[in-house]
Enquirer: 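Sharing a structure with you now.
Residue numbers begin at 1 in each chain, while the letters A, B, ... track the order of the sequences. Note that the structure is a prediction, hence the values are computed from the model and not measured.
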Amino acid sequence: MELRIVIGGEAGQGIQTISTIMSKFFLRSGYYVFTEQSYQSRIRGGHNFTQVRVSTDPILSPDDGIDILVALNGETIDLHKEEVSQNGVIIYDSELINYEDVNRLFFGVPLQRIALENAKTKLAVNSSACGVLVGLLDGDFSILETIMREQFKDPEIGEKNVLTARAGYEIGNGRKDFSFKTPFLTVNNRLLIDGGSAVGFGAIVAGCRFLSAYPMTPGTAVMNYLAGHSKRYNIVVEQAEDEISAINMVLGASFAGVRSMVTTSGGGFALMVEGLSLAGMTETPCVIHVGQRPGPATGLPTRTEQGELLFVINAGHGEFPRYVTAPRDARDAFYKTIKAFNLADKYQIPSIILTDQFLVDSMVTIEDLELNNIKIERYIEYNPIRDYKRHLITESGISPRALPGTEGILVITDSDEHDEEGHITEDLSIRKRLVEKRLKKGELLKGDVEEPIYFGVSDPDVILVGWGSTYGAMKESADRLIKEGFNVGLLHFSDVYPLPYKQLEKYKNKRLICVEGNATGQFALLIKRETGIDIKEKILKYNGRPFTPSEIVKEVKKIW
Amino acid sequence: MELRIVIGGEAGQGIQTISTIMSKFFLRSGYYVFTEQSYQSRIRGGHNFTQVRVSTDPILSPDDGIDILVALNGETIDLHKEEVSQNGVIIYDSELINYEDVNRLFFGVPLQRIALENAKTKLAVNSSACGVLVGLLDGDFSILETIMREQFKDPEIGEKNVLTARAGYEIGNGRKDFSFKTPFLTVNNRLLIDGGSAVGFGAIVAGCRFLSAYPMTPGTAVMNYLAGHSKRYNIVVEQAEDEISAINMVLGASFAGVRSMVTTSGGGFALMVEGLSLAGMTETPCVIHVGQRPGPATGLPTRTEQGELLFVINAGHGEFPRYVTAPRDARDAFYKTIKAFNLADKYQIPSIILTDQFLVDSMVTIEDLELNNIKIERYIEYNPIRDYKRHLITESGISPRALPGTEGILVITDSDEHDEEGHITEDLSIRKRLVEKRLKKGELLKGDVEEPIYFGVSDPDVILVGWGSTYGAMKESADRLIKEGFNVGLLHFSDVYPLPYKQLEKYKNKRLICVEGNATGQFALLIKRETGIDIKEKILKYNGRPFTPSEIVKEVKKIW
Amino acid sequence: MVDIKTYDNDQIPAWCPGCGNFSILKSLKQALAELDIPPDRVLMVSGIGQAAKAPHYFRCNLFNGLHGRDISVAVGAKIANHNLIVIAESGDGNTYGEGGNHFIHNIRRNVNIKVFVHNNQIYGLTKGQASPTSDLGMKTKVQIDGVLSPPFNPIAVAIALNASFVARSFSGEPEHLVAMMKSAITHKGFALLDILQPCVTFNRINTFKWYKDRVYKLDDSYDPTDRISAFEKALEWGDRIPIGVIYVNNRPTYEEQLSQLKDSPLFKIPITGIDYSDILKEFR
Amino acid sequence: MVDIKTYDNDQIPAWCPGCGNFSILKSLKQALAELDIPPDRVLMVSGIGQAAKAPHYFRCNLFNGLHGRDISVAVGAKIANHNLIVIAESGDGNTYGEGGNHFIHNIRRNVNIKVFVHNNQIYGLTKGQASPTSDLGMKTKVQIDGVLSPPFNPIAVAIALNASFVARSFSGEPEHLVAMMKSAITHKGFALLDILQPCVTFNRINTFKWYKDRVYKLDDSYDPTDRISAFEKALEWGDRIPIGVIYVNNRPTYEEQLSQLKDSPLFKIPITGIDYSDILKEFR
Ligand SMILES: Cc1ncc(C[n+]2csc(CCOP(=O)(O)OP(=O)(O)O)c2C)c(N)n1
Ligand SMILES: Cc1ncc(C[n+]2csc(CCOP(=O)(O)OP(=O)(O)O)c2C)c(N)n1
Ligand code: SF4
Ligand code: SF4
Ligand SMILES: [Mg+2]
Ligand SMILES: [Mg+2]
């Protein structure tokens, strides 16, 4: 079973509320959900929409097509009606939207009147819409009721909204000709999580107790998440005056012993590049979350792209190791965030978590997270060390790390080239040894990166290669192609730098097609630079929207 | 004939004055000179030295070994005496420096006393040293005299210094056992120029009339140069409050029609990365001079490195074209600076001139510059255009450029994705077309980059591959190797991005050795990424000092 | 006289209904029209934010740059062509937060540009975080315990920096606002105009009414040339908030001090056909 | 008491003979010794410049970071471990120029760090360009016609920002300097100490004698808690230059206001063995 609901309207009409409530509703009814948001860089007006895709099988991406369109304004109908499937339906406010075209597709409901009658406020229009939806789908109203009561802190308001929803439910349930149904299936332990929260929760579990950031979409989601949980988990979240300050505060906090992070987008990261280099030089661990959006410059602030790969890998003056991971979905984002903190501490380097607006803002159903086996290692010496030298040259290149304030020792570091103790030096032979020490850590780090997932037939004719948030759409497209008889495989990377190359080596003589959300094929360039493998065929998208499986299937068939 | 003079002492003792005067002296005596400076990041004290290499043939690099060591302090003798050649000499102040080891090598002269006696000030010690040198070398004293009189604005002070120099000359000329001589050879039209001035002069000739920068070694040299010539050539030089402001001021000035540039080093460039992306998005031409020095972070502020190649090529969020040129010597720096301005205007893109401390600070003799054939093209429409659209989509991707203030038209641009007019847009189909428009310019730009120089035997066994300021040392080492019978060639790049690849393709099956002033072989990575050619053998140097020909010869022989 | 409509274009503001930005937009059109300045002589520069979108809704030249960097772009453009009327228009977060360093040092530099700040005491476009001017205690999704740092006082800081022209107005007093804009534009030198602007969506504290109840106009008895009393006036923020020209200090502009700009705007000075023999001589 | 020698290490200052930095270095050692603070409790943070090298010549913890960014690093470190005495020490270019935005916003933030600025009114390390505090008219290789922008007045700006503690001293008055350092360190909150420091190599205007002839000590009759008169005092710069504590405003520090830091320094709070079931519940 699969169902695609799109809710559209102006910014400020409550699209997000409806989609969140409905996503939770499907989760608790035993379905898998994927909820993707398309919104503009404005607070009111314009055209925004959300797709809630529901399935009895796990899903990790939105897809083309609509089975139910909830139109909060007339424009939504104009823009999306062509996408509505044959046996689909368009729900709209029959008293507010004058729509001529009346056929089987249209389902006018006086959404706002229901809200006014039952809750005495237009604001409850979201509840009437949810009610109509649940009714139409023959869902279990009590699940919706519970969610609503949780949602509203004030029980009286909760009651009013439940009333509203029930009225909507009756109307929706009255329309029996609709072919999609989502009755209660089963109780489960799954979670509904968005990428932003996954990174945020991962950071908290990793022990991040300081975050400094300057607001920037889509990075802000992680700041909001940590701030929202700061009291309970003793996290200090400080809004910096600018991104330069954010990264430098984080380096100060990390130097003094607290796991710390910044969160931003490409433009904010651009301002942190000098600080990144400082982290490299002073060997101060730090974690940087970069939520990509289309550039250059301000670009499309609320859209998605994979345009910052080569930038983050090469950012910073001078040479120093770094770890870059591009989580493939929210579950992966949770675990990779923890890994980013662990590797930052292990190698005393910056770790970059490279997500994008699509991953950050999309909600997905995942199986329960396993928290018991998570290892947090700080690699810090809390006891005084004799003749302590912060940048001691060791076999591995990793120096013992102590914290300032430890009795009897001093911790010294410098952004200038320094000696082992950390003092500024002009001794060029020390310079050479310190360069080698720092780079040695990068060699070791290669042992910690995760090889890509391979998925598909065992002897493929074509392998799709991708990275980061494209996983869901690529996996589903590979699935479909295989079902259609195509001899295809998928090689999908989450850790991207240092680039894991063993799987690539294995498949290098196959026909490879790189699928990326940018216009220049950055991952293909990285692969070529690191392995010499030249992926000539590419499927690229750069209009600000994520890939859908249907789209990839179509493109692959085109060039097959 | 070849002669290597090293002048060493503390910062503040006037090493630079002696070397500048002597370099000019050799130039005017008809010799080729290369003068390289090794100094520390401090104003007084420490150990600095300069090598003045003199030859009857053109030379483009310093080399190992010393024929005359001018020691302004005892430490200089300790540090350098082993390098002094068998028939060399060490000149030192016999009254100030107590040096035990007295043999043929040592030439004690009461430099300071001569200064005090003749000029009544210790400061004239530089003039006594120059006099001793010219005397020792049997040079033409009148040339030195002229240079000194030019040097000092006040004729009285000039006179005193000439007196001092003459006294030194007599003493130097008394020592007849010294085997190196530099008598007057010929009058010539050559120039003595350092890389910083070459970029600065190039910028002035290109029509740069606004420079904004924040001081940073070695970028400051270009700011000083333009400031020094600002009155005569109507140039506005403004010291910004930080590098972010510098690049944004430059974009404002360029948008309004003035050729403009910034100058900085890696750390300052790191702060300009967001502005770089803005230049890409708004299609505002600008020229950025990045003088590399060893990183990461503050690194070694007064030393040299080629560590920023991949950084500048990949810097900036989002995707947009840029031109990156790494001049191979001062002469090239002059012409490439002009080219950088022309290409910036032609394609409405940022151009980056990537030099390093070695190139910026070294003085070299070059044949006279040809100024008559220089083309300056602005590609600006000064007359009003009907229905003007700043970002009009054209066949080439290049939109007609007009200036704000032109009567009857409006010039509009935006850091957000915009429509052709320049207004902010959320229309994703326009987005796609604008991305393609911008990137198309990058494709065209490939036709403007200069292929590398090939030098060497016609069918080489080994080709040394290099870029930027290593040219002099590499050329000389190839020369020497060929003379010694090695079947070697040199492929040397000045334009590095877009990477010219035709010559590389031609030689790709040869044994290639990449010579670079960094620790990770960045140019080899770039070549691999752009062409797939995998240069496995590398000669890398990253202690902050430039390559010498002797060193390269040695390294090549090691791995031959 | 230039008709106010000359400044209209076909762009539709992406602001919330009721936002204070609308009246600022209209007032600036009116000020420019009343000053008889044609659109093609005006260059608006803006950063990023809700306020920074404003120039798109004008018919004039526009460079909409990066968040916080508009003042630098404006200064560069004015140096290149000082015949342009250059106005930097953005929000409080943009100008006093991200752009703080350019704000303070350009007050010193005194290039003849106009800086109009839509001060809604909040980050609007990024959905309601505290800005440098947010009141103590304001709660947001990030400032969950309320703002801890006392608000940035742009007026006091500008006076401390001996700014050339410092004024405050309120979007709810369009007549006053137009007058202030005209004074700022006709003033010779860097002019700061801080404009109180209700954000109806995110700032539930400093509402239209909140401002309306508090603002009062400085009258003729107030002397804006006295720096100490201007500073005192600048500290008034609470039950009563003064609006008007708070400080004026006529000092030479940056451009005036440059001999390079005396004869012609920089962009017009020919760059070809120049004799460089004096430079070549330096190298011989 | 901690012996002043405890603060000595074997690094040799890379400063010019006669530089004002030497006496500042010594005074800070003395202040720390007199306050009986052991070196391992002190974290010095610095930027880049001649002044910013100073902490290398102390025996203490040190993070020598980027040009202009030391205050941010210091604030981060202090939040992570508020048991540390955190001192940011750098030059005028570093702190008021490149770092200007962190300077102004951290005055507002009021984290209990100390900011000691060696103000030599010049960029020393980069060989003598004008700094934000350079006097009008000073000529350099870049400012060939002399400085055109009036000097940045850190004291006045800090007062405009209602700073917690603002003082000025002079490297040529070591006793006064030690006293000011001690007051700054013992003050609870962000403390700015601007230290006049002759640069014997590049600043030929503001020499030792120039300062010596002008500075005078504020006496007990001066009330540093009055903001307006402090502002007036801050504007005194010419024939007479006041040194001393110019403004004090005891307001709560950032750290005090955070319940997160009440029980323990942040870095000591355990991060493992925590029950996250309430978060998991939010996702169900
Ligand atoms: C470098 C950078 N950091 C962050 C952002 C995200 N951002 C856009 S607008 C804005 C704040 C806007 O606040 P304000 O300037 O007060 O304008 P308003 O929306 O309130 O009018 C921020 C933080 C950005 N675009 N660029
Ligand atoms: C980002 C960056 N820009 C520029 C520099 C170069 N730089 C180093 S020190 C300095 C100025 C120093 O002046 P100040 O802070 O007053 O210290 P002083 O040397 O006078 O003590 C500059 C511009 C740098 N290191 N980093
Ligand atoms: S969010 Fe606030 S500032 Fe932005 S348009 Fe809406 S009301 Fe105006
Ligand atoms: S240059 Fe100036 S500030 Fe730097 S050490 Fe020398 S005298 Fe001191
Ligand atoms: Mg605002
Ligand atoms: Mg200074």
Enquirer: Go through the atoms of A/R190 and report whether side chain, backbone, both or neither lie under 4.5 Å from a heavy atom of chain D.
Expert: backbone
Enquirer: Could you label the plane-to-plane angle of the A/F201 and D/Y276 rings as parallel, tilted or perpendicular, counting under 30° as parallel and over 60° as perpendicular?
Expert: perpendicular
Enquirer: Looking at A/L403, A/I247, A/N188, A/I204, which one has more heavy-atom pairs under 4.5 Å with chain D than the rest?
Expert: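 With the most close heavy-atom pairs to chain D, the winner is A/I204.
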Enquirer: Could you tell me which portion of A/E377 (side chain, backbone, both or neither) has an atom closer than 4.5 angstrom to a non-hydrogen atom of chain D?
Expert: neither
Enquirer: With a 4.5 angstrom heavy-atom cut-off, could you sort out which part of D/D263 is near chain A: side chain, backbone, both or neither?
Expert: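 The answer is neither part of D/D263.
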Enquirer: Is the shortest distance from a Lys or Arg side-chain nitrogen in D/R109 or A/E238 to a carboxylate oxygen in the other one below 4.0 Å?
Expert: yes
Enquirer: Quick check: closest heavy atoms across A/V237 and D/Y254, and the distance to 0.1 Å?
Expert: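 Of all heavy-atom pairs spanning A/V237 and D/Y254, the closest is O-OH, 4.4 Å.
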Enquirer: Given heavy-atom pairs under 4.5 angstrom as the criterion, report whether the side chain, backbone, both or neither of A/I235 touches chain D.
Expert: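 Interface part for A/I235: backbone (N, CA, C, O).
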Enquirer: Does any non-hydrogen side-chain atom of D/F63 lie less than 4.5 Å from one of A/N248?
Expert: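 A side-chain contact under 4.5 Å is absent here.
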Enquirer: Taking the side chain as every heavy atom from C-beta outward, state whether D/L280 and A/D368 have any atom pair closer than 4.5 Å.
Expert: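 A side-chain contact exists here, since the closest heavy-atom pair is under 4.5 Å.
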Enquirer: Indicate the atoms forming the closest heavy-atom contact of D/S72 with A/E241, along with that distance.
Expert: OG-OE2, 4.2 Å
Enquirer: Using non-hydrogen atoms only, which part of A/I409 is less than 4.5 Å away from chain D: side chain, backbone, both, or neither?
Expert: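 Looking at A/I409, just its backbone touches chain D.
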Enquirer: Measure distances from D/L66 to the heavy atoms of chain A and classify the residue's part below 4.5 Å as side chain, backbone, both or neither.
Expert: both
Enquirer: Chain D heavy atoms under 4.5 Å from A/Y225: which part of the residue, side chain, backbone, both or neither?
Expert: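 When you check distances to chain D, only side chain atoms of A/Y225 fall under 4.5 Å.
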Enquirer: For A/T282, which atoms come within 4.5 Å of any heavy atom of chain D: side chain, backbone, both, or neither?
Expert: side chain
Enquirer: Does the side chain of A/D414 pick up a donor-acceptor pair with the side chain of D/H56 at under 3.5 Å?
Expert: yes
Enquirer: As an exercise, state the distance from CG of A/L191 to CD of D/E282, rounded to the nearest 0.5 Å.
Expert: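 Reported to 0.5 Å precision, the distance equals 11.0 Å.
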Enquirer: Identify which part of A/H229 has an atom lying under 4.5 Å from any heavy atom of chain D, answering side chain, backbone, both or neither.
Expert: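 Just its side chain gets close to chain D.
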Enquirer: Could you look at A/V411 and say if it's the side chain, the backbone, both or neither that has a heavy atom under 4.5 Å from chain D?
Expert: both
Enquirer: Of all of A/T284, A/D194, A/I147, A/V205, which one pairs up most often with chain D through heavy atoms under 4.5 Å apart?
Expert: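 Option with the greatest count: A/V205.
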Enquirer: Let's go through D/I271 and A/R378 carefully: what are the C-alpha distance in whole Å and the side-chain angles of both, what is the deciding distance for side chain to side chain contact (heavy atoms under 4.5 Å, CB included) to 0.1 Å, and is it a yes or a no?
Expert: CA-CA 10 Å; D/I271 57 170; A/R378 294 298 323 264; 3.8 Å; yes
Enquirer: Using a 4.5 Å cut-off on heavy atoms from C-beta on, say whether the side chain of D/I48 contacts that of A/D416.
Expert: yes
Enquirer: For D/D70, is it the side chain, the backbone, both or neither that has a heavy atom under 4.5 Å from a heavy atom of chain A?
Expert: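 Neither; nothing under 4.5 Å.
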Enquirer: Given a strict heavy-atom distance threshold of 4.5 Å, which part of A/A246 is in contact with chain D: side chain, backbone, both, or neither?
Expert: neither
Enquirer: Considering non-hydrogen atoms only, spot the tightest contact between D/F283 and A/S197 and give its length.
Expert: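 Here D/F283 and A/S197 meet closest at CE2-CB, 3.7 Å.
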Enquirer: Is a donor on one side and an acceptor on the other found under 3.5 Å between the side chain of A/K24 and the backbone of D/R284?
Expert: yes
Enquirer: Can you tell which part of D/I274 gets under 4.5 Å to a heavy atom of chain A, answering side chain, backbone, both or neither?
Expert: side chain
Enquirer: At a heavy-atom separation under 4.5 Å, does D/N101 approach chain A through its side chain, its backbone, both, or neither?
Expert: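 Both parts, backbone and side chain.
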Enquirer: Name the region of A/L27, side chain, backbone, both or neither, that has any atom closer than 4.5 Å to a heavy atom of chain D.
Expert: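 For A/L27, the contact with chain D is made by the side chain alone.
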Enquirer: May I have the step-by-step check of side chain to side chain contact (heavy atoms under 4.5 Å, CB included) for D/H102 and A/I244, ending in yes or no?
Expert: CA-CA 9 Å; D/H102 318 310; A/I244 301 173; 4.0 Å; yes
Enquirer: Let me know if A/L371 has heavy atoms under 4.5 Å from chain D in its side chain, its backbone, both or neither.
Expert: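 Contact with chain D is through the side chain of A/L371 alone.
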Enquirer: So do the side chains of D/N9 and A/H423 get within less than 4.5 Å of each other, counting heavy atoms only?
Expert: yes
Enquirer: Please find the pair of heavy atoms, one from A/F255 and one from D/L62, that lie closest to each other, and give the distance.
Expert: CZ-O, 3.8 Å
Enquirer: With a 4.5 angstrom heavy-atom cut-off, which part of A/R390 approaches chain D: side chain, backbone, both or neither?
Expert: neither
Enquirer: Measure across D/A80 and A/A253 and return the closest heavy-atom pair with its distance rounded to 0.1 Å.
Expert: CB-O, 3.5 Å
Enquirer: Mind checking whether D/D40 and A/T406 have side chains closer than 4.5 Å, heavy atoms only?
Expert: no
Enquirer: For side chain to side chain contact (heavy atoms under 4.5 Å, CB included), just list the numbers for D/F58 and A/L410, CA-CA rounded to whole Å, side-chain angles, deciding distance to a tenth of an Å, and then say yes or no.
Expert: CA-CA 11 Å; D/F58 280 89; A/L410 300 176; over 6 Å; no
